[in-house]
Each structure stands twice: as structure tokens, then as C-alpha cells.
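None of the values given here were measured: they were computed from a predicted structure.
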There are 2 protein chains.
Amino acid sequence: MEYQETTAGQPFSLSNVSLFHGLPEEQVRELTRIAVPRLVEKGEEIFQAGEEARGFYVVKSGSIKIYRAAMNGKEQIIHIWSQGDMFGEVPVFQGTTFPASARALQRSKLLFFQRKAFRSLIRDEPDLGMNMIALLAGRLRLLVGQVATLSLKEVPQRLAAYLLLLASTQESDELRLELPKGQIASYLGTIQETLSRTLRRMAEQEVIAMRGRHISILDKSQLENLASGQQQL
Amino acid sequence: MEYQETTAGQPFSLSNVSLFHGLPEEQVRELTRIAVPRLVEKGEEIFQAGEEARGFYVVKSGSIKIYRAAMNGKEQIIHIWSQGDMFGEVPVFQGTTFPASARALQRSKLLFFQRKAFRSLIRDEPDLGMNMIALLAGRLRLLVGQVATLSLKEVPQRLAAYLLLLASTQESDELRLELPKGQIASYLGTIQETLSRTLRRMAEQEVIAMRGRHISILDKSQLENLASGQQQL
DNA sequence: CGATACTTTGAAGTGTGTCAAACTCTGTGG
DNA sequence: CCACAGAGTTTGACACACTTCAAAGTATCG
């Protein structure tokens with residue numbers, strides 16, 4: 001029996017992975033040859049920050065969190081990747097260890113690419129190199145935004161921005177939170193309790209309505225004002 | 001009369017720039033041909049976050065801060081670059097606008113590389129592409145660290161880590177702060193007053209001694225414990 | 001249906017930001 | 001070389017956003 005992903009199994013092919021986009025058929029076959037499948041269970045650790053890396057991953061299905069943990073138990077989620085995204089690529093090109101840890105948020109299928117094999121592919125295929133550069137640049141943009149957000153914005157602003165992001169991703173003002181709220185808090189750089197209280201305040205002011213993991217955006221323009229800091233909660 | 005930089009004019013050549021490291025003589029000449037020199041005064045704005053980019057820069061001398069500003073006047077310094085570093089490269093490869101702003105911390109000489117010209121060079125020279133990938137990966141590592149630091153560590157921990165970084169860079173336990181303390185605060189994700197108070201507490205506990213912009217590390221192991229969070233201030 | 005994971009709420013504590021004022025360097029021009 | 005202006009720094013009193021700790025409540029899944 002085939003494994004069933006929580007996220008309905010959209011068709012996956014290597015040529016849909018943006019890292020491999022536009023590559024000639026022949027190169028994609030070569031990539032298929034060197035890719036090593038790996039199945040990880042929900043909650044399973046994939047690698048830890050500081051660990052020596054032997055290669056990187058592409059997500060075939062499921063979702064993976066990239067995070068850093070402090071000794072006091074708090075953790076900061078750096079990013080959440082799902083189908084078609086790569087992760088763990090930094091030590092393929094710079095240094096030897098992973099800068100952050102990775103853990104499966106649900107049962108996920110991964111493809112592992114060995115450092116050496118991949119580097120030799122990239123040498124022969126300039127387009128693959130350019131794809132990689134564009135992806136890394138995009139991640140820099142994201143991370144610069146994250147640094148600024150964490151340091152310059154307060155929790156209500158960050159949460160508002162996050163809800164608007166979800167709305168634009170899901171193309172609807174009726175949102176379904178795909179993650180437990182504790183994980184969302186960790187992504188926003190805060191804790192569960194604070195997130196809960198902030199959501200309640202937003203609901204009290206009728207910016208949103210909330211029933212469990214379902215959130216309705218009632219007043220989008222106010223949410224936008226909150227996100228940009230023009231307005232206080 | 002030649003312009004005099006505050007940082008004594010170390011010799012500069014394109015082949016010392018890590019982006020261009022290991023390139024054949026011929027390519028370096030081509031780079032020299034397309035590079036446009038630009039002189040910026042202390043405090044001068046080079047570009048703003050959100051602005052359309054036409055290319056990126058390499059620092060020939062001086063120093064440049066990359067930062068994001070909030071409407072309330074607070075700013076977060078993302079990085080400070082000096083001789084041999086590139087900056088503003090993200091929109092060359094992804095998107096069209098700068099993710100952050102850039103301003104000269106002192107009179108600086110820059111080299112500007114036009115987006116289109118550079119992209120055509122990189123297509124012909126795989127080594128240049130690999131250098132770029134390695135540099136971008138290194139920046140991702142830095143930024144991941146910064147996100148984690150801002151969210152997981154308190155000001156004393158961040159400051160301790162910063163002082164240790166300075167000590168290792170300057171290869172001495174007698175430090176000189178190259179920046180005004182307000183700028184350092186902005187880099188650490190806090191404000192001048194808090195930085196001042198934290199430094200005083202460190203001095204009171206005889207972890208450091210401070211005279212103006214000169215700081216002596218008195219107890220390095222305690223500073224390391226502070227940085228790792230094993231110890232409180 | 002029961003166990004476990006997740007979420008909410010309250011009360012109290014703490015680190016950091018804000019505002020305002022005084023103080024101290026630093027470099028420049030007289 | 002001194003005086004001065006402006007930038008940079010320190011300090012205090014206060015406010016407040018956020019975390020911590022603890023407990024109860026609610027979903028969720030096998």
C-alpha cells in the first residue's frame with residue numbers, strides 16, 4: 001500500500017522543482033539517477049544545526065521545518081518548506097555544517113542529493129548554477145526581511161503580516177492554519193501564550209474571527225494597517 | 001590630491017575580491033573594463049530598500065552599512081561591509097528591488113557592476129558562478145545566525161558574542177570599537193541606552209573594562225559563558 | 001471513548017524601550 | 001592652542017510588551 005500524505009498527493013516531478021526548472025531532459029534523468037529517496041515520519045529529525053553535511057534535500061511531499069533551538073527550550077523556526085523546495089544546501093557550497101536543524105512536520109518524502117555528485121552536475125550545467133543562484137538570492141531576500149521583522153516589529157504587526165501572507169497564498173480571506181499555533185508562534189519569534197492573546201485581541205476588535213484553526217479576515221485594510229505599523233492593536 | 005580613507009589604504013585589486021578569486025587574468029581585465037567607480041561621502045545614501053536595482057557594488061575602500069529602517073526611526077543593521085566585499089547583489093539574480101538600504105559609514109570608494117553585463121560574464125565563466133554561489137551560501141549562514149540570535153538571545157548574550165567576534169577579528173583582547181555605539185546597538189537589534197547600560201553592567205562585574213571606545217576583555221571565559229547563555233549577567 | 005496533544009486564560013515578573021536631561025568626547029576654526 | 005559646536009554617550013525614572021509559571025479547558029486521533 002502506498003504511503004498517504006496529509007497534503008493530498010499532488011503530482012511530483014523533478015522538472016517541477018524550481019532548482020531544476022528549464023533543464024534539458026538528459027540532465028533531469030541524471031538527477032533522477034543520483035537522487036536517493038528518504039521517507040521521514042512526523043516529528044522525525046532530519047539533521048541538526050552544526051552537524052556535518054553530506055548533501056542536501058528536495059521535498060517530494062509533506063513539510064519540513066528549518067529551525068534553531070536554544071538551551072532554554074525555545075525555538076525559532078527559520079522556514080517551512082514543502083513540495084518542490086530544497087533545503088540543507090548551504091554546506092554544499094560553503095562550510096561543512098548545517099546552519100540550522102530540520103525536522104518533519106508530517107510524514108514526508110524527500111530526495112537526497114550527495115554533495116559531490118551535485119557539485120559535479122552543476123559544473124557541467126550552467127543553467128543549474130543560475131537556478132541555484134536565483135534561489136539563494138531569493139532566500140537572502142526572505143531572511144533579510146525576517147531579521148528586520150523580528151527586530152523592528154512587535155508581535156501584532158508580525159502576526160498581521162503573517163495572516164495577510166496566508167490569505168494571499170490561499171487566495172481567500174477564510175484561512176485554515178496548517179500548523180499548530182505553537183509552531184506558528186515559533187515562526188513569528190514569540191510563544192504560544194502571546195500568540196493566543198494577540199489573536200484574541202484581534203478578534204475582540206473584529207479584525208478577524210476565529211474558530212479553532214479556522215480564521216476569517218473581517219477587516220483586511222485594518223489588518224494591513226496593523227502589518228505596516230500605521231495602526232496599533 | 002588623492003582622497004584619504006579613514007581606514008589606511010590597503011592595496012586593492014579585483015583579484016583580492018573573493019567573488020573574483022581564482023579567475024583567469026583575462027576575465028579580471030574584462031571585469032575591470034565593466035566596473036564603474038563611484039565615490040560616496042560619509043553618511044551618503046547608496047540605495048534604499050525597495051528601489052529598483054540596476055546592478056551591484058564591490059567595496060574598494062571604506063565601509064558600508066546595509067540596514068532596514070522602520071517608520072518610528074529605529075533601524076536594524078543587517079551587515080557592515082568593507083574592502084573586498086560585494087553588496088546589493090540580490091536583485092541581480094532574484095526580483096528587481098533591493099531588499100535593504102545601503103549607506104556609507106565613511107568616505108568610501110565603490111565599484112559598480114551593471115546587472116546585465118555581469119550576468120553575461122557569469123554565463124561564460126563557471127568559476128565566477130561558483131564563487132557567487134559560495135558567497136551567497138555564506139551570507140545565508142550569517143543571516144540564519146542573525147535570525148536565531150535576535151529571537152533566542154537577550155542583549156547581554158548578543159553583546160558578549162559581538163565582543164568575542166571583535167576579539168577574534170582583531171586578534172587581541174584589547175578592542176577598539178570602529179563604530180559609534182549607537183550603530184553597534186542598531187546592529188545588535190537594540191538601542192543606544194540599553195547597550196550603554198549593558199556595557200556598564202559588564203564593567204561592574206569586571207568582565208570587561210571600558211574607556212571610551214576602547215574595551216579590554218578581562219575575563220574571556222565568563223564572556224563566553226554569557227554568549228552561550230550558560231550564565232546570566 | 002479515552003489519551004494525548006493542543007489551546008486558552010490569569011497573575012506575576014522582567015527585560016527592554018521611551019523620554020528627558022546632563023555629560024563627555026572630538027575635531028575644527030579662530 | 002584654546003574655545004566652541006555638534007556628535008556621541010550616559011544616566012535616571014517610568015511605561016509596557018512580552019515571558020514565565022500554573023492550571024484549566026478544548027480539540028483530535030487512534
Could you say whether A/Leu199 or B/Thr198 is positioned toward the 5' end of DNA chain C, judged by the nucleotide with the nearest heavy atom to each?
A/Leu199
Plane angle bin for B/Tyr187 and B/His79 - parallel if under 30°, tilted between 30 and 60°, otherwise perpendicular:
perpendicular
Expressed in angstrom and rounded to an integer, what is the separation of B/Ile191 atom CD1 from D/dG8 atom C1'?
15 Å
Which one, D/dT20, C/dC6, D/dC18, comes nearest to the side chain of A/Pro156?
D/dC18
Cationic N near anionic O, under 4.0 Å, B/Arg103 to B/Glu75
no
Give a yes/no answer on whether the side chain of B/Arg200 brings an N or O atom under 4.0 Å of OP1 or OP2 in D/dT10.
no
Between P of C/dT7 and CG of A/Leu179, the distance in whole Å
10 Å
Is it true that A/Lys220 and A/Glu224 have a side-chain N and a carboxylate O under 4.0 angstrom from each other?
no
Would you tell me if any nitrogen or oxygen in the side chain of B/Lys181 comes within less than 4.0 Å of OP1 or OP2 on D/dA7?
no
With a 4.0 Å limit, can you tell me whether A/Lys74 has a side-chain N or O closer than that to the phosphate oxygens OP1/OP2 of D/dT19?
yes
Short N-O contact, A/Arg200 and A/Glu204, less than 4.0 angstrom
yes
What integer distance in Å separates B/Arg201:CZ from D/dT11:C1'?
14 Å
Distance-only polar pair, side chains of B/Glu174 and B/Ser216, donor-acceptor under 3.5 Å
yes
How many whole angstroms separate atom CG of A/Leu188 from atom C1' of D/dT19?
16 Å
4.5 Å side-chain heavy-atom contact, B/Leu165 and B/Thr169:
yes
How close or far is atom P of D/dA24 from atom CD of A/Gln192, stated in whole angstroms?
18 Å
Protein-nucleotide distance (A/Leu233, atom CG; D/dA17, atom C1'), rounded to Å:
12 Å
Check if the side chain of B/Arg197 and the base of C/dG17 share a donor-acceptor pair of N or O atoms closer than 3.5 Å.
no
Taking OP1 and OP2 of D/dC18, is either one under 4.0 Å from a side-chain nitrogen or oxygen of A/Thr194?
no
Rounded to whole angstrom units, what separation is found between the NZ atom of B/Lys42 and the P atom of D/dG6?
15 Å
Near DNA chain C, under 4.0 Å by heavy atom, which residues of residues 205-216 of chain B?
none
Under 3.5 Å, is there a donor-acceptor pair linking the side chains of A/Ser228 and A/Gln230?
yes
I want to confirm an ordering. Mapping B/Asn72 and B/Gln232 to their closest nucleotides on DNA chain C, which one lands closer to the 5' end?
B/Gln232
Please evaluate the base of D/dC16 for a donor-acceptor partner in the side chain of A/Glu154 within a cut-off of under 3.5 Å?
no
Quickly, which of B/Tyr67, B/Phe56, B/Phe47 forms a ring-ring contact (aromatic ring centres under 6.0 Å, His included) with B/Phe98? Name it, please.
B/Phe47
Looking at the side chain of A/Glu193, which of C/dT16, C/dC6, C/dT9 is the nearest nucleotide?
C/dT9
Going by modelled atom types, is there a donor-acceptor pair between the base of C/dC6 and the side chain of A/Gln183 at under 3.5 Å?
no
From CG of B/Leu152 across to P of C/dG15 the rounded distance in Å is 17 Å
Does A/Ser196 have a side-chain nitrogen or oxygen under 4.0 Å from the phosphate oxygens OP1 or OP2 of C/dT7?
no
